[in-house]
4 protein chains.
Amino acid sequence: MLIQLNFKSGVPVYLQVVDQIKLAAASGALHVGEPLPSIRPLAEQLRVNRNTIAKAYAELESQGVIETLAGKGCFLKENCSPYRKEIRRGLLAEAVDAAVVQAHHLQVAKREFLQLAEDRFDVFEQKRIESEKKKPSCDL
Amino acid sequence: MLIQLNFKSGVPVYLQVVDQIKLAAASGALHVGEPLPSIRPLAEQLRVNRNTIAKAYAELESQGVIETLAGKGCFLKENCSPYRKEIRRGLLAEAVDAAVVQAHHLQVAKREFLQLAEDRFDVFEQKRIESEKKKPSCDL
Amino acid sequence: MLIQLNFKSGVPVYLQVVDQIKLAAASGALHVGEPLPSIRPLAEQLRVNRNTIAKAYAELESQGVIETLAGKGCFLKENCSPYRKEIRRGLLAEAVDAAVVQAHHLQVAKREFLQLAEDRFDVFEQKRIESEKKKPSCDL
Amino acid sequence: MLIQLNFKSGVPVYLQVVDQIKLAAASGALHVGEPLPSIRPLAEQLRVNRNTIAKAYAELESQGVIETLAGKGCFLKENCSPYRKEIRRGLLAEAVDAAVVQAHHLQVAKREFLQLAEDRFDVFEQKRIESEKKKPSCDL
DNA sequence: GTGGTCTAGACCACC
DNA sequence: GTGGTCTAGACCACG
């Protein structure tokens, strides 16, 4: 579980952890049912307080990404979004908008932006497929 | 000046302003000597307290990105070399990746994701064109 | 606003504050619409961290006892319980049970226990009435 | 041994056990040399982990209230002078006051409050009688 | 000045 | 060993 923190970005550390674990799940580095790193060791590895990781895991659980069993650990849940289609689209639009604004600021044209979006989508898709090939016993 | 704030991201608002102005400067969207929007109107446009914008400008000045001339306003200083194209593409890829990960978690398919990206890009493009008609010298 | 804390009781400080403010409201020491002590001064007076008071006030707001306006302060809400009658009775039963168990442990007989309950109820009723007489302008 | 736990009070469970045993001893409900319930059955009865009861007994022993004879069990030590009647009434008044305050917040009238107090007292009395039939030597 | 959030350290309950 | 809670200090946004 590789997590890279940026302490001077102003982004709360616990949110960085949340995003990177969601990324790990999306890219196939984590598999459904697999246990996440325990709070204490992960906190030591990242040099942050245990509460910071605990808060990240609590946020992930409230988002339905993981399941936490007190005294047992935290596990990646099946990837089923509990939201209705329109709501999901709205949530996604936020992330897309952030990328669009970034494209504006960086003066990247529409054609290049869309090509990049497709490329990155394929990259994650490919990562997930490869990762599933390696650990077929862990999937449902 | 196009600035998009995310109040739920956990990133301090004043830092979001700082980052986006630095990005606009770095990408060449803002030019040396060009005046930045005044605090009061920008605060009203972004629906935040004037203190917050003032704090962002103070931070930018302390970083040497802008200079404040009392009674005249804030202006972009020199020494802001625009990023190279590959660097810009790398910065944009981060935002795109975040959207791709979100799409995976929300179980949105590639086709729909790319369609949404194009739609949102067009929406912002339209906004930009409309705002240029009104104040051609001040907008991105 | 007289609040007495017991740091060695094992009862969380923020819950002691919650209970005593509810008591102040019940006994008439606080009136509807009246502002509660601000977080910072109260924390200094009680020699605890501001977050401890903030947590108590957040709990009181979630219970519907007070209303908090960021930047303005916290105010005692009208005393209307949002729960249905059976739920309210259940909540009250918990507090009554605690008293009954205490009576058992202290070997106080039923007759004496009920007499004490009536006495204490009257005492609080009387306090509330007297307090309302003093500050009639603050009531709704 | 009648022990009532409140898992939502925020008071550590092991301290609730400590307090109620000390109270039972102080009020004369427990007598010098009398054996306390064994850890395992008491833990099962209260639906808590055995560690929690063990911790409570360890605390009681360190306070000199009980003494543990390895392999025999835990016994109440001497020096536990029962409280005087007025003290006991004062201790009980605290619990009664908490219930009265709760009644005010839940808008329960005096008549209904006193009826509830009587009902709950009778419920516990009945529990006590039933449990005395089974184990007359061990119950309160 | 107001309330709210993020990070941290210590302790609790459970396995 | 596991996760969860309470208290604290520093910083943020707002008036």
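Below, each value reflects all heavy atoms present in this structure, side chains not excepted, and no hydrogens, waters or symmetry copies. Within every chain, numbering begins at 1; the chains are lettered A, B, ... in the order of the sequence lines, protein sequences first and strands thereafter. Being a predicted model, the structure only gives us computed values, none of them experimental.
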Distance (rounded to the nearest 0.5 Å) between [X] [atom1] and [Y] [atom2]:
{"X": "His31(C)", "Y": "Ser131(C)", "atom1": "NE2", "atom2": "OG", "value": "3.0 Å"}
{"X": "Leu30(B)", "Y": "Leu36(B)", "atom1": "CG", "atom2": "CG", "value": "6.0 Å"}
{"X": "Gln4(D)", "Y": "Gln16(D)", "atom1": "CD", "atom2": "CD", "value": "9.5 Å"}
{"X": "Leu76(B)", "Y": "Glu67(B)", "atom1": "CG", "atom2": "CD", "value": "9.5 Å"}

Roughly, in whole Å, what's the span from [atom1] in [X] to [atom2] in [N]?
{"X": "Lys8(B)", "N": "dT5(E)", "atom1": "NZ", "atom2": "P", "result": "15 Å"}
{"X": "Glu44(A)", "N": "dA8(E)", "atom1": "CD", "atom2": "C1'", "result": "14 Å"}
{"X": "Leu5(B)", "N": "dC12(F)", "atom1": "CG", "atom2": "P", "result": "16 Å"}
{"X": "Ile53(C)", "N": "dT2(E)", "atom1": "CD1", "atom2": "P", "result": "13 Å"}
{"X": "Ile66(C)", "N": "dG4(E)", "atom1": "CD1", "atom2": "C1'", "result": "13 Å"}
{"X": "Arg40(A)", "N": "dC11(E)", "atom1": "CZ", "atom2": "P", "result": "12 Å"}
{"X": "Leu69(A)", "N": "dC15(E)", "atom1": "CG", "atom2": "P", "result": "11 Å"}
{"X": "Leu46(C)", "N": "dA8(F)", "atom1": "CG", "atom2": "P", "result": "11 Å"}

**Request:** For Ser38(C) and for Val13(D), locate the closest nucleotide of DNA chain E by heavy-atom distance; then report the residue assigned to the nucleotide nearer the 5' terminus.
**Result:**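 Looking at the nearest nucleotide for each, Ser38(C) comes out on the 5' side.
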**Pairwise 5' ranking along DNA chain E for Val48(A) and Ala58(C), keeping only the more 5' one** = Ala58(C)
**Message:** I'd like to check Phe7(C) versus Val48(C) (side-chain heavy atoms, cut-off strictly below 4.5 Å). Are they in contact?
**Reply:** yes
**Prompt:** Out of dG3(E), dC11(E), dC12(F), which nucleotide sits closest to the side chain of Ile39(C)?
**Reply:**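 Selected nucleotide: dG3(E).
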**Item:** Which nucleotide in dG3(E), dC12(E), dC6(E) has an atom nearest any side-chain atom of Pro12(D)
**Value:** dC12(E)
**Asked** On DNA chain F, nearest-nucleotide positions of Gly10(D) versus Arg47(B): which is more 5'?
**Response**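 Checking each residue's closest nucleotide, the 5'-ward one belongs to Gly10(D).
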**Item:** Closest-nucleotide ordering on DNA chain F, the 5'-leading residue of Arg50(C) and Val11(C)
**Value:**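 The residue mapped nearer the 5' terminus is Val11(C).
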Please state whether the phosphate of [N], meaning OP1 or OP2, lies under 4.0 angstrom from any side-chain nitrogen or oxygen of [X].
{"X": "Asn51(A)", "N": "dA8(E)", "result": "no"}
{"X": "Thr68(C)", "N": "dT2(E)", "result": "no"}
{"X": "Lys55(B)", "N": "dC12(F)", "result": "yes"}
{"X": "Thr52(C)", "N": "dA8(F)", "result": "yes"}
{"X": "Asn49(B)", "N": "dA13(F)", "result": "no"}

**Prompt:** Partner of dC14(E) by Watson-Crick or G-U wobble geometry, both contacts under 3.5 Å, or none?
**Reply:** dG1(F)
**Prompt:** For Tyr14(B), which contact category applies under a 4.0 Å heavy-atom criterion: base, sugar-phosphate, or nothing?
**Reply:** sugar-phosphate
**Pairs touching residues 47-59 of chain A that satisfy side-chain hydrogen bond (donor to acceptor under 3.5 Å, both in side chains), sequence neighbours left out** = Glu59(A)-Gln63(A)
